[in-house]
Structure formats: C-alpha cells, structure tokens
Amino acid sequence: MLQKPRGTRDFLPDEMDARRTVEWRMRDVGRRWGYREVCTPEFEDLELFTMRSGEGIIEEMYVFEDKGGRKLALRPEITAAVIRMYVNEAKVAPKPLRWCYFADCFRYERPQKGRYRQFWQFGVELIGADSAMADAEVIMVAADILNATGVRYELKVGHLALMRNMIADLEPAARRKVRAHLDKRDFEGLKVTLEAMGKPDLAQSLVTLVGCRTLKEAFAITGEIPEAERIGKTLAVLDSYGVKYSLNFGIARGLDYYTGIVFEGFADNLGAENQILGGGTYRLAHLFGGDDVASCGFAIGFDRVMVSLGDAPLQKDTVVGVVCTEEGRVRALAVARAFREAGIRAEMDLMERGLGAQLAHASKSADFAVVIGKREAESGGVTLRNLKTGEQKALDLAAAIAEVGAHGSR
Ligand code: HAM
C-alpha cells in the first residue's frame, strides 16, 4: 500500500469540519480588525527566502530546480512572499495595508506531534505603519484571534533592541550564534560560546536579562536605549486593552528579519512543540526592490492550535436522509432541495435500495429521515422520523424544515 510522505497528514471529514470551524473563527476576527486575505504562490524563487530568513530555515527548505533550470523553493513561511507581493503589486496603495492569510508551509524538520513537514499558518501582516500603536494593534489582533479559538496559551512580549545593545560589540557571526542560543533557550550553550570568546560576564548579564519581568529591571541591565519610549507606549496600549502577556527579553526569533518588538505564544497543554505563534516588527521590502517600509506581523501555527484544542471544536451538522419509493422520487428531489436551501444537509439514496434498506442506512448516517412514499407525493406533506428517538410524525414541508432546523441550533 502506498503511504503519504513523511511529515504530512491526511484529514478525514470530521477533522476537516473541526479545522474549518477554527479557521473561520480566526478569519472572522481578522476581518473585523480590517485584515483582508491575500494569497501568494506555493513556491517562489529560492533567493526570496535565502536573503533574510536565517540559517535554521534555509537548512529546512524544500529546494528544487524546474525544467527551465530555475532554483525554486516551497515556501517555508509566508511573510517574505507577502512582502514580495507588496513590492510587485501594491507599493503605491494607501498605507497602512492590513493583510492576512491562511496557507500551508513546508519545512524539512524531524516530524513529531505538532511538528510537520507540511503545516498551515494563519498570519497577518501590517505594512507601512511605524508606531507604537501599530505594534500594539498586531499583538491585540493576535490575542483576539487566539482567544476566539478557545486555546489556552501564554503570550510573551520582548524587544530585540535590549539584547542587540548588549551584544553590539561582537562580530556578526558571534551575534548570530548568541541569538541562536537564546532562541533555543540554550543557556548552557550560550555560556560556553561566550566563555570561549573571553566574555563570561556577558553570558551572565544576558541570562539575567532573560529573567527580567519589568521594563525597569531590564533597563537597569542594558541602560537607557532610544527605543525605550516606544516600548513603553506599546505596552501601555496592550495594558489598556486588557491583553494578558508577560515580558521576556530573551525572545530572539528564529527568522533573521525582525527589527524591534517580538512576541511568541505558547499553548498550555502541549509538550516540546508548544509554540503556537510568533511575530514582530521587521523590514524586508527594501531587500526586494521596494521602499524601506516598516511592517509588523505574526503567524499562528494552525496545526498546533488544533492539537491543543483536541476534540473541542467539532460542530456536527444535523443530517437529513431523504428516503423515498419509486413513486416518491420526483417529490423527494424537491424536498431534499428545500432542506438544502434552508441550509440543512440532506442526502438521498444513490444505491437503488428499497425503503427499508434506505431507512437502515439513514439510521447509521443521519439524525432524521424524511420519508416520501406515494401518499406523501400525492398529499405534498412529509413523514419526519427522528432517528435518535424513533418519534415519527406527518407534517407539511415547512414544519418539517423548521423542526430539523431547531434541532440543529440546540
Ligand atoms: P515562525 O515562528 O517560524 O514565524 O512560525 C510561526 C508558527 O508556525 C510557529 O510559532 C509554529 O506554531 C508554527 N510552525 C513552525 N514550524 C512548524 C512545523 N514544522 N510544524 C507545525 N507548525 C510549525 C514565521 O513563520 C513568521 N513568518 C511569522 C511572522 C509573520 N513574522 C512576521 N509576520
């Protein structure tokens, strides 16, 4: 038997129902904040992702050459593609642009629960607003979306300027190493790296910075920095809106394009792969031939949210099995259409079975059976049977639709 590729998944109808329910909760919040959906290609020129994605992601990319000899990559994330599209298509549009997406990404990672080679992100990008209010808006949207899904999580907010200020004297390669250690919360590795460079005190200060939970404590280590006022303003907006977060200046983010505020969300009930959201402010447009526009965004790991929610989001449709005799078939088609037009899922027999066999099948696959025999075809009424209770009544069509509809909304 052929199997699906490692790190990918199949989704059966119940799982797709649950995924779509949660996806639409996310979209709905995005829409209400003014974020409109965009879509970019599944693959892009490799260069788009190698320019500023960071080593980790570059190593994990699915790279291939097409028949024309072009070097392409399946997208490992969507931010770079969205900014490429902005530069190509929307540079002159009035700012800010509020965009969102729901799309799959590909990373060649070691698969485990919550970590896949094909996974979905719901993300937003706010392009062209450079203010504390803009940074705060993106974090408020993130919190509102996660709250709408029902996932239990913790949100951590930091700012790269503090750490950058402390490691400004290091060589670029050493800075990257330090950030990689911090991103993985690998404090032992951080100590070893900095001790080897003759900077054990810096390792200690960075570990202390990571432990700071107030701006005051953090600035006591880094000294006053120019970004302090904007950070304070952003946090004040978050506090006034009631966003629940903690400060963490150890957030380094795995991608290389971030510039300022950074934030991450962690689900309460997942193991190692518990990061369900990541984002921050960044600048990419100038690298792709556009203006040096400030942007801020995040992406939610949709599959991890689904793992965290478990079976909770499943909303089952009420199903009507429209059961008929030969004489009732034409009327049954019209009855099934009337249920569908009322928004109710209605299914008819396709196996040319007798009435008894149709009813037996309906009792396994539906909540109600609507029976249309010769009598019903002539009278214009229906027989409605509740397949869970066995209760059966003769009704006119409108009353039957109302009764099934009321069951669905309970
Ligand atoms: P990221 O942190 O690399 O950021 O990915 C965002 C989220 O995608 C992660 O927090 C995680 O939940 C999920 N994720 C990542 N890899 C996997 C995987 N192998 N399997 C399942 N879920 C995964 C970005 O991608 C940035 N583009 C976010 C952003 C948008 N920054 C600014 N705008």
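Just so you know, ligand 1 is whichever comes first in the structure, and atom 1 is the first atom listed for that ligand. One-based numbering along the sequence shown.
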(Q) Please list the nearest protein heavy atom to atom 14 (N) of ligand 1 with its residue and the distance rounded to 0.1 Å. (A) F119 CE1, 3.5 Å
Q | Atom indices of ligand 1 within 4.0 angstrom of L277 heavy atoms, with elements | A | 10 (O)
Q: Measure the spacing between CZ of R230 and CD1 of I225 and express it to the nearest 0.5 Å.
A: 12.0 Å
Q) Can you tell me how far the CZ atom of R75 sits from the CD atom of Q121, to the nearest 0.5 Å? A) 9.0 Å
Q.
I'd like to check which ligand 1 atoms, numbered from 1 as shown, lie under 4.0 Å from a non-hydrogen atom of G297.
A. 30 (C), 31 (N), 32 (C), 33 (N)
(Q) Would Y101 count as a polar contact of ligand 1, with the cut-off being nitrogen or oxygen pairs under 3.5 Å? (A) no
Q. Within a radius of less than 6.0 Å around CZ of R353, do more than 12 heavy atoms belonging to other residues, nucleotides or ligands occur?
A. yes
Q. Of all the non-hydrogen atoms in the protein, which one sits nearest to atom 9 (C) of ligand 1, and at what distance?
A. Q275 O, 4.1 Å
Q.
Using a 4.0 Å cutoff against the non-hydrogen atoms of F298, which atoms of ligand 1 qualify?
A. 29 (C), 30 (C), 32 (C), 33 (N)
Q) Can you tell me which residue and heavy atom of the protein come closest to atom 30 (C) of ligand 1, and the distance to 0.1 Å? A) T79 OG1, 2.9 Å
Q: For ligand 1, indicate whether the residue R115 contacts it via side chain, backbone, both or neither (heavy-atom separation under 4.0 Å).
A: both
Q | Flag if over 12 foreign heavy atoms under 6.0 Å of CZ, R337 | A | no
Q. Can you name the one residue among I276, I300, V307 that meets side chain to side chain contact (heavy atoms under 4.5 Å, CB included) with V151?
A. I276
(Q) Rounded at 0.5 Å granularity, tell me how far CD in E23 sits from CZ in R27. (A) 4.0 Å
Q. Is D303 in contact with ligand 1, taking contact as a heavy-atom separation below 4.0 Å?
A. no
Q. Can you list the atoms of ligand 1 that are under 4.0 Å from a heavy atom of G278?
A. 10 (O), 28 (C), 29 (C)
Q: Give the single entry among R107, E77, R253 that approaches atom 3 (O) of ligand 1 most closely by any heavy atom.
A: R107
Q: May I ask you to establish whether R117 and Y108 are in a cation-pi arrangement, using a distance under 6.0 Å from NZ or CZ to the six-membered ring centre and at most 45° from the ring axis?
A: yes
Q.
Nearest 0.5 Å, please: how far is CE in M61 from CD in E77?
A. 9.5 Å
Q.
Would you compute the distance between atom CG of L194 and atom NE2 of H181 and round it to the nearest 0.5 angstrom?
A. 7.5 Å
Q. In terms of residue, atom name and distance, what is the protein heavy atom nearest to atom 13 (C) of ligand 1?
A. G301 CA, 3.5 Å
Q: Starting from atom 20 (N) of ligand 1, locate the nearest protein heavy atom and write down its residue, its atom name and how far away it is, to 0.1 Å.
A: Y116 N, 3.0 Å
Q: Mind checking the CZ-CD spacing from F339 to E347? Nearest 0.5 Å is all I need.
A: 13.0 Å
Q. Any idea how F122 and F102 line up, ring-wise: parallel (<30°), tilted (30 to 60°), or perpendicular (>60°)?
A. tilted
(Q) Using heavy atoms and a 4.0 Å limit, tell me yes or no: is F302 in contact with ligand 1? (A) no
Q. Under 6.0 Å between the ring centres of Y245 and F263?
A. no
(Q) Under 4.0 Å from a heavy atom of G279: which atoms of ligand 1 are those, numbered in the order shown and with their elements? (A) 31 (N)
Q. Starting from atom 8 (O) of ligand 1, which protein heavy atom do you reach first, and at what distance in Å?
A. Q121 NE2, 3.3 Å
Q) Which atoms of ligand 1 sit under 4.0 Å from any heavy atom of E125? A) 30 (C), 32 (C), 33 (N)
Q. Which residue holds the protein heavy atom closest to atom 24 (C) of ligand 1, what is that atom called, and what is the gap in Å?
A. L255 CD1, 3.3 Å
Q.
Within the 4.0 Å heavy-atom shell around E109, which atoms of ligand 1 are there?
A. 16 (N), 17 (C), 18 (C), 19 (N)
**Q.** Among Y258, F263, W120, closest by any non-hydrogen atom to atom 31 (N) of ligand 1
**A.** Y258
(Q) Please determine whether side chain to side chain donor-acceptor pair (under 3.5 Å) holds for the pair Q118 and Y62, giving the CA-CA distance in whole Å, both sets of side-chain angles, and the decisive distance to 0.1 Å. (A) CA-CA 11 Å; Q118 181 196 22; Y62 280 87; over 6 Å; no
Q: Between F106 and ligand 1, find which residue part has any heavy-atom pair under 4.0 Å and reply side chain, backbone, both or neither.
A: neither
**Q.** Any G114 heavy atom less than 4.0 Å from ligand 1
**A.** yes
